[in-house]
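What follows is a short report on a single structure.
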There are 2 protein chains.
Amino acid sequence: MSPYHHGDLRRAVLTAALDVIATDGPAALSLRDLARRAGVSHAAPAHHFRDRTGLLTAIAAEGFGLLAAATTEAVDLKDAGVRYVRFAREHPAHFQVMFTPGLLRTDDLELTTARALAGDALRTAVSQARPDADGPDARLTGIAAWSVAHGFATLLLSHNLDEVVGDRPPEDVFEALTGLLFRPA
Amino acid sequence: MSPYHHGDLRRAVLTAALDVIATDGPAALSLRDLARRAGVSHAAPAHHFRDRTGLLTAIAAEGFGLLAAATTEAVDLKDAGVRYVRFAREHPAHFQVMFTPGLLRTDDLELTTARALAGDALRTAVSQARPDADGPDARLTGIAAWSVAHGFATLLLSHNLDEVVGDRPPEDVFEALTGLLFRPA
DNA sequence: CGCACAACTTGACACTGACAAGATTGCCCG
DNA sequence: CGGGCAATCTTGTCAGTGTCAAGTTGTGCG
């Protein structure tokens, strides 16, 4: 079961890639550099991921799995949003890659199933919050909630909220923000 | 004033770059390819943009300028949001680059001033909507509105709303969405 | 007219992703 | 227990890229 030479090269390359992406973005990623970090030859990673796109696709699929797991445990819609933001903060590399389709093999089976799983978790949270409105209204509510959480998370990771958030936990700011949103203007 | 050989190589490279980014993302961008498209030697673009980062920084700065111009004309906060979404849809390459700091020279003067200008336009729209609440509450309102619009725009460009939006103008969907958001739950 | 400067070219180097072919190692099955 | 077999990894190579240095060409200005 366990590979022989390195122990688990696949995992090693993945974590090294996540490290690079989290600090310098996906553009700074180099397969040869990852190979060097793992102490293997330059072509070894290709055997596990096929190519650069394959590696990023694997990361995205893993990310959607983690996101689905986190979201499923939410007690209500606001909690789901908080968990979404927390996921983005704790797994910035996954998050960034997940929503950059230009880097991915979008028809990959593992990726599409993981993404569907995460989508189900979100829809469940929405239907719990508004059991009355099924149909198009519920779908719009889902997009609204998703947009708020996703926008906040994205702006957070792109360092556009640094001054406003300060040293507070971003999830607290987000929670305050949602309370503001669902009040009448 | 006008360059001699090409006419206006700077603009030609910029528009070619925007074209590539809009269809295949910033990762697919190659300075040598842009030079070929413009019919110049491989090192010609460097003279105008210094390097790859410089080109992307110039695109981001231009994008913030365009966004500021569009947002300034908004009549109220909802309109500002609609314009934000429309900007993302009409200038997807700019938008994508603007919010990927890993690709940019973040301390570039043109970039920071253009970004500040766009920020002012947003804050003005927020203060028009809520002239009573100045202070931290207004800042939170600004982030909330920004998050909704930015999240919707980002999900739209990453093709996560394709089925829901269908062939309707995305701005209409966004407008319906905001109406839903500012009602009490 | 000629001169300084901006715009562009040519050439080179290190690095990268991808592919092909060979070597090594652990595992399975007879 | 041992021999083949497949997975894992290596070595070598090729085209393409970004970037730098140095040379060329055209242009406007004094």
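What you are looking at is a predicted structure, and each value in this text was computed from that prediction instead of being measured. Throughout, a chain's letter reflects where its sequence line sits, starting with A, and its residues are numbered from 1.
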Summary of protein contacts for nucleotides 16-22 of chain C, nucleotide by nucleotide, where a base hit scores B, a sugar-phosphate-only hit scores S (4.0 Å, heavy atoms): SBBB---
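In terms of the side chain to side chain contact (heavy atoms under 4.5 Å, CB included) criterion, residue partners of B/R32 (sequence neighbours excluded) are, by chain and number, B/S30, B/R36, B/H42. Applying the side chain to side chain contact (heavy atoms under 4.5 Å, CB included) criterion to B/E175, with sequence neighbours excluded, gives B/K78, B/V82. Under the rule for a side chain to side chain contact (heavy atoms under 4.5 Å, CB included), the partners of B/A60 that lie at least two apart in sequence or sit in another chain are B/V97, B/M98, B/L104, B/L111.
Applying the salt bridge (Lys or Arg N to Asp or Glu O under 4.0 Å) test to residues at least two apart or on different chains, the pairs with a partner in residues 89-101 of chain A are A/R89-A/E171. Within the structure, every pair that satisfies the salt bridge (Lys or Arg N to Asp or Glu O under 4.0 Å) test and touches residues 51-62 of chain B, not counting sequence neighbours, is listed here: B/R11-B/E62, B/D51-B/R105.
For A/F95 and A/H91, the gap between ring centers reaches or exceeds 6.0 Å.
Within residues 11-18 of chain B, no residue has a heavy atom under 4.0 Å from DNA chain C.
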Using distance only, find each side-chain donor-acceptor pair of residues 144-160 of chain B under 3.5 Å and give its atom names and separation, not counting sequence neighbours.
| unit_1 | atom_1 | unit_2 | atom_2 | d |
| --- | --- | --- | --- | --- |
| B/W146 | NE1 | B/Y84 | OH | 3.0 |
| B/S147 | OG | B/I143 | O | 2.8 |
| B/H150 | ND1 | B/Y84 | OH | 2.8 |
| B/T154 | OG1 | B/H150 | O | 2.7 |
| B/S158 | OG | B/T154 | O | 2.9 |
| B/S158 | OG | B/L155 | O | 3.3 |
| B/S158 | OG | B/N160 | OD1 | 2.9 |
| B/H159 | ND1 | B/D162 | OD2 | 3.1 |

Please tabulate, for the side chains in residues 116-126 of chain A, all donor-acceptor contacts under 3.5 angstrom to protein atoms that are two or more places apart in sequence or on a different chain.
| unit_1 | atom_1 | unit_2 | atom_2 | d |
| --- | --- | --- | --- | --- |
| A/D120 | OD1 | A/R123 | NH2 | 3.4 |
| A/T124 | OG1 | A/D120 | O | 2.9 |

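Residue B/H48 places at least one side-chain N or O under 4.0 Å from the OP1 or OP2 atom of C/dC8.
Spacing between atom CG of A/D8 and atom C1' of D/dT8 amounts to 12 Å, rounded to whole angstrom units. Rounding to whole angstrom units, NE2 of residue B/H47 and P of C/dA6 are separated by 8 Å.
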